[in-house]
Structures are given as structure tokens and as C-alpha cells.
Amino acid sequence: MSIKEQATKSVFWSAVERFSVQGIQFLLTIVIARILSPDDYGLVAMLGIFMALSQVLIDSGFANALIQKKNRSETDYSTVFYFNTVGSVLVYGFLFLCAPSIANFFDEPQLKLITRVVGLNLIINSLGIVQQARLTIDLNFKRQAQASLIAVVISGGIGLWMAYNGWGVWTLVWQGLLNNLFRVLFLWIFSRWLPCGLFSFQSFRILFSFGAKLMLSSMLHTVYTNCYSLIIGKVFSASELGFFNRSYTLAQFPSTNFTNIMVRAVYPIQCRYQDDMLQLRSIFMKYMRISCYLIFPVMISVTALAEPLVSLILTDKWLPAVPFLRILCIAFMWDPVMKINHNILNVKGRTDYFLYAEIIKKLVAFTILFVTIPFGVMIMCWGLVAYALADLIIIIYFSRKITGIGYMRQLKELSPVIMLNTVLGLCMYWVSLFSVPLYMQIILPLIIGGGSYIIISCLFQMQEWKMLLSVIKRKQ
């Protein structure tokens, strides 16, 4: 099977998993958000930083280390499994003891029990890290899609029942817990792998030497991204955090999920060709362009149609989230460029560059964060836009050391996509000025904007459009 066919198949099943699972999860969120209050979402969001940091500590970069390593052994897999499992129990125990302090910090007594129940996700997730890594190495995204889809359908059905029966914030707690439980269960069934009774300190040292830098980078990034929820929950109100959290989730949904599909599917393929720089550069640029071609119009559309979308989907009680959503869409629009540049560092094993980049970026990021706090949540959102631009500048500086592809080359490659989306944005803004019913405020701009996007792509014979057509023809 050629590189192109491998990549296409991997991207397809990775996309099926992401968009079927996340799509169903997104629809469930919409239905549940119409029933629950912003305060309920705010309570769960307050735990974001503690849960995310704990998960990073448990994984410790071992999943990526296993995928990147050329000659893996059963001892490697078992070593990672036992480390993750024991680590998750220890971290959960610490979180369990800290639960009263977390509740006191936010002045929310409910958080004591919520923290202890939500924390069980750490142990559950740790049991599936190696199974998922093995399926990724084999490019078996189909099985991962099936496991995730079954889990989200079962947990989602239970979550809807709980929401309609007045379980409030516990709807979100138990839905998340059951989703992870069923996903890990089916990963075990589909991967057909069991750990052997071996733990090798030599294997641990080799894998940790790669994963440790990724872990430190992830910890910096996790602390930063979750600091917003921590600070807004402490300084402002739970409802304000609820509005920010929903906006952040909605803005992040298309960009992050699609980018992760591409990165996750192409990463193991790039690792196979890590010594062929010519092929690696070609894959790098091709998938950056196609990612931006697909995600930019989605983010532009959500920005333009934020108010009618929120009003129609989430109801008017969520309208205060609209300004946050528009600003955050601009910030997350650049995710494909950032993550694909990040990914090339891992492919070449330069986790030292990855860590250096993350330290510099987070120094800039925390400076922006603390400067914007006194001016309110709106200015904090604009701070995220400023950070996104800084992130681009810093990560391209490091990726250029490996690929030789710098700022001007990447800008030149992406300029047709950027110009096309500028036209799309102007077109949708013009259509949004029409005085029409609420549902037409969404449908009309999408039809005219989407049609313009496709027509211009055809007229100028854009490479990305040709690539999509060739993939569709092969599927037929």
C-alpha cells in the first residue's frame, strides 16, 4: 500500500472516530445544555486543570514514545502499562485527599464529592493507553472508531435520561465516567492484547527519555489552557465560567478535532519515513495545506453565524457566550498550522526542541494572561488570539531547524487558502446583513458562502480541491 493510500485510509477512519463520536457528543451537549444551567457546566469546568494535569502525569508521554520507537517489544508495552496503572492509582489517591481543599478554594461544597467521582476517570483511562497506542501503531483507526462510538452512544443515552430526570451537574459527571469506562472496555476487546508479567527499568528509561520532555511540555500547556477556567471560576462567577467554557468548547470542537485527526493519522506514517527528509517535507506541506483548506472555512462560518447558531441551538439563555465564541474561533483557526509544526519535532525525535518551544511560548502566554485578567473575560479571550499568533512564530522557528521550511515559505504555501477564506468571510458578512428569519440567517450564508468557496476552488484549480476530488473518486 502506497504512502498516499495509507494516509488516506488512516485519515478516513480517524475522521470517522472523531466526527462520529465528537459529532454525537456535540449533539448530546446541545440537548443537555438546553436542560442544564451554565452553573452546572461551570462546576465541572472548575476541575479541568486538576484532571488534565493528573492525566498528563499518568501518561508521561509514553504513548507517543511507543509510537515513535522503531523496535518495540512486549516488554516495552507491559512496562508502560504497569507504570500508567500504578501512577493513576497514586495520582487519584492524592486527588481524593485534596478534594476538600479544592471545594474550599472555589467555595463550592459540591465539588468535594464531584472531584472524588470525576477522579476515577484517571484510573479508567490509564488502563487503555497502551491498547490505543498499539492500534495507532497498526494504523487501525477503524477499531478505535468502533470502541469510541459504542461508548458515546451508551453513555450519551444514560446522560440524556439523567438530564431529563433532574440529575443536574451529576449528569455531566456520570456521562463522562461511563463514556471512558465503555471506551476502555472495548479497546481491550478490540486490541486483543494483555500485559505480560514484565517490567523493565531499561525499557522505562529509554521510553521516558523521549516521553519526559513531552510530559513537561504537555504540563506547561495544560496548566496554561486550564488556568483560564481556574481564574474565571475564582475571580468571576460560575455562570461566567459556564459561558466561557461552552464558547471555548464550541470554538475548539471543529479545529482541534479535525487537526487531531490529521496529526494522529499521519504521525505513525511520518515516523516510518523519519529518515527520508524529502518525503517528510512533502507530507508536511501537503497535510498542512489540506488541513487549513478544510478548517479555515468552518471557523470563519462559526464566527459569522455565532449569534443565530447559539440562539437556535442552545437557546437565548446562552447568548452572553456569543462574543466569547467569535473571538475564540479566530484564535483556534490557526490550530492546524501550529500542531503540524509541533508534530514534525516529535517525528524526528527532537523533543528537546518541543520542550524549548513550549517553555518560551508559555512565558509569553502567562504574561498575556495575567495582563488581561483585570480587564475582564472578553479581553482575556483576545489574549488567546494574541497567544495563537505568538505560538505560530515560536514553533515555526524550531520546526524550520528540521525541515528548512520557514515563515515565508509556509506563508507562501498557505496564501491561496488565506485569500480564499478572506473572500468567504466578506461574502458571509454581506449575506448576514439581510433581514430574514432566524433559521435563514444560518442557511442562506452557508449556501452562498459554501457555493462561492467551491466555485472559486474549481475556477483556480486549487491543489486541495483536486486532492479531495481524487479521494472521493477512489472511494466510489
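Residues: numbered from 1 along the sequence shown. Because the structure is a prediction, the values reported are computed rather than measured.
Heavy-atom neighbours of Y397 OH from other residues, nucleotides or ligands within 6.0 Å: at or below the threshold of 12. Counting heavy atoms of neighbouring residues, nucleotides and ligands inside a 6.0 Å radius, atom CH2 of W170 exceeds 12 of them. When the shell of 6.0 Å around CZ of F460 is examined, it contains 12 or fewer heavy atoms from other residues, nucleotides or ligands. Within 6.0 Å of NZ in K317 there are more than 12 heavy atoms belonging to other residues, nucleotides or ligands. Counting heavy-atom neighbours within 6.0 Å of F105 CZ, excluding the residue itself, gives a total above 12. Residue-environment remark: CG (D107) stays at or below the threshold of 12 foreign heavy atoms within 6.0 Å.
Classification of the F296-W334 ring pair by plane angle, with boundaries at 30° and 60°, yields perpendicular. The aromatic rings of Y353 and Y356 sit tilted relative to each other, their planes meeting at an angle between 30° and 60°. Aromatic ring pairs are classed by plane angle as parallel below 30°, tilted from 30° to 60° and perpendicular above 60°; the pair F243 and W318 is perpendicular. Using a 30° and 60° split on the angle between ring planes, F244 and Y228 fall in the parallel class, below 30°.
When all heavy atoms of I232 and E240 are compared, the pair lying nearest together is CG2-C, 4.2 Å. When all heavy atoms of P320 and P323 are compared, the closest pair comes out as O-CD, 3.4 Å. When all heavy atoms are compared, the tightest approach of A251 to L325 is N-CD1, 3.8 Å. The two residues G406 and R400 make their nearest non-hydrogen contact at CA-CD, 3.5 Å. Summarising the geometry of A357 relative to I394, their closest heavy-atom pair is O-CG2, 3.8 Å, with the distance given to 0.1 Å. Contact record, I300 with M333: CD1-SD, 4.0 Å, taken as the closest heavy-atom pair.
Looking only at distances, no side-chain donor or acceptor of S311 sits under 3.5 Å from a matching main-chain atom of E307. No donor-acceptor pair closer than 3.5 Å links the side chain of N343 to the backbone N or O of K339. The closest donor-acceptor contact from the side chain of T372 to the backbone of L369 lies under 3.5 Å. Listed for the N165 side chain is a donor-acceptor partner under 3.5 Å among the backbone atoms of W161. Between the S247 side chain and the A321 main chain, a donor and an acceptor come within less than 3.5 Å of each other.
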(message) Using the rule given for side chain to side chain donor-acceptor pair (under 3.5 Å), can you reason through R183 versus Q132, listing the C-alpha separation, both sets of side-chain angles and the distance that settles it, and then say yes or no?
(response) CA-CA 10 Å; R183 182 182 63 83; Q132 186 163 348; 3.2 Å; yes
(request) Verify side-chain contact (heavy atoms from CB on, under 4.5 Å) between L446 and S301, making sure each step is shown before the conclusion. (result) CA-CA 7 Å; L446 287 177; S301 299; 4.3 Å; yes
(request) Please test F398 against H342 for side-chain contact (heavy atoms from CB on, under 4.5 Å), starting from the C-alpha separation and ending with a verdict. (result) CA-CA 9 Å; F398 283 97; H342 271 111; over 6 Å; no
(request) Give the intermediate values and the outcome of side-chain contact (heavy atoms from CB on, under 4.5 Å) for residues Y92 and R116. (result) CA-CA 8 Å; Y92 174 72; R116 288 173 171 172; 4.3 Å; yes
(request) For the pair L181 and N121, evaluate side-chain contact (heavy atoms from CB on, under 4.5 Å) and give the outcome as yes or no after the intermediate values. (result) CA-CA 8 Å; L181 179 64; N121 283 297; over 6 Å; no
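Proximity of P336 to M288: side-chain heavy atoms (C-beta onward) are nowhere separated by under 4.5 Å. Residues L424 and I456 form no side-chain contact, since every pair of their non-hydrogen atoms from C-beta on lies 4.5 Å or further apart. Side-chain contact check for L178 versus I154: every heavy-atom pair is 4.5 Å or farther apart. Two residues are said to be in side-chain contact when any heavy atoms from C-beta on lie closer than 4.5 Å; F236 and L241 fail this criterion. Under the 4.5 Å side-chain criterion, counting only non-hydrogen atoms from C-beta, L90 is in contact with V86. Within the 4.5 Å cutoff, no side-chain heavy atoms of V118 are placed close to those of L177. Using a 4.5 Å cut-off on side-chain heavy atoms (C-beta onward), Q175 and I158 make no contact. The shortest side-chain heavy-atom distance between N421 and V417 falls under the 4.5 Å cut-off.
Scored by the side-chain hydrogen bond (donor to acceptor under 3.5 Å, both in side chains) test, S239 finds S237 as partners (sequence neighbours excluded). The side-chain hydrogen bond (donor to acceptor under 3.5 Å, both in side chains) check on E413 picks up R289, R409, with sequence neighbours excluded. Annotation: side-chain hydrogen bond (donor to acceptor under 3.5 Å, both in side chains) contacts of D391 (sequence neighbours excluded): K361, Y387.
Remark: L328 CG to M299 CE distance equals 8.5 Å, nearest 0.5 Å. Atoms CG and CD1, from N125 and I129 in turn, are 7.0 Å apart once rounded to the nearest 0.5 Å. Put simply, CD on E358 and CG on L363 are 10.5 Å apart, with the number rounded to the nearest 0.5 Å. Between L120 atom CG and S88 atom OG the span is 10.5 Å, to the nearest 0.5 Å. The line from NZ of K401 to CG of L345 is 11.0 Å long, rounded to the nearest 0.5 Å. Atom CD1 of I102 and atom CG of L95 lie 5.0 Å apart (nearest 0.5 Å).
Taking the ring centroids of Y248 and F332, they lie under the 6.0 Å cut-off. The ring of W465 has its center no closer than 6.0 angstrom to the ring center of Y453.
Between Q252 and D335, the side chains place no donor N or O within less than 3.5 Å of an acceptor N or O (distance only, hydrogens not considered). Side-chain contact check for S399 and N341: at least one donor-acceptor pair (N or O, by modelled atom type) lies under 3.5 Å.
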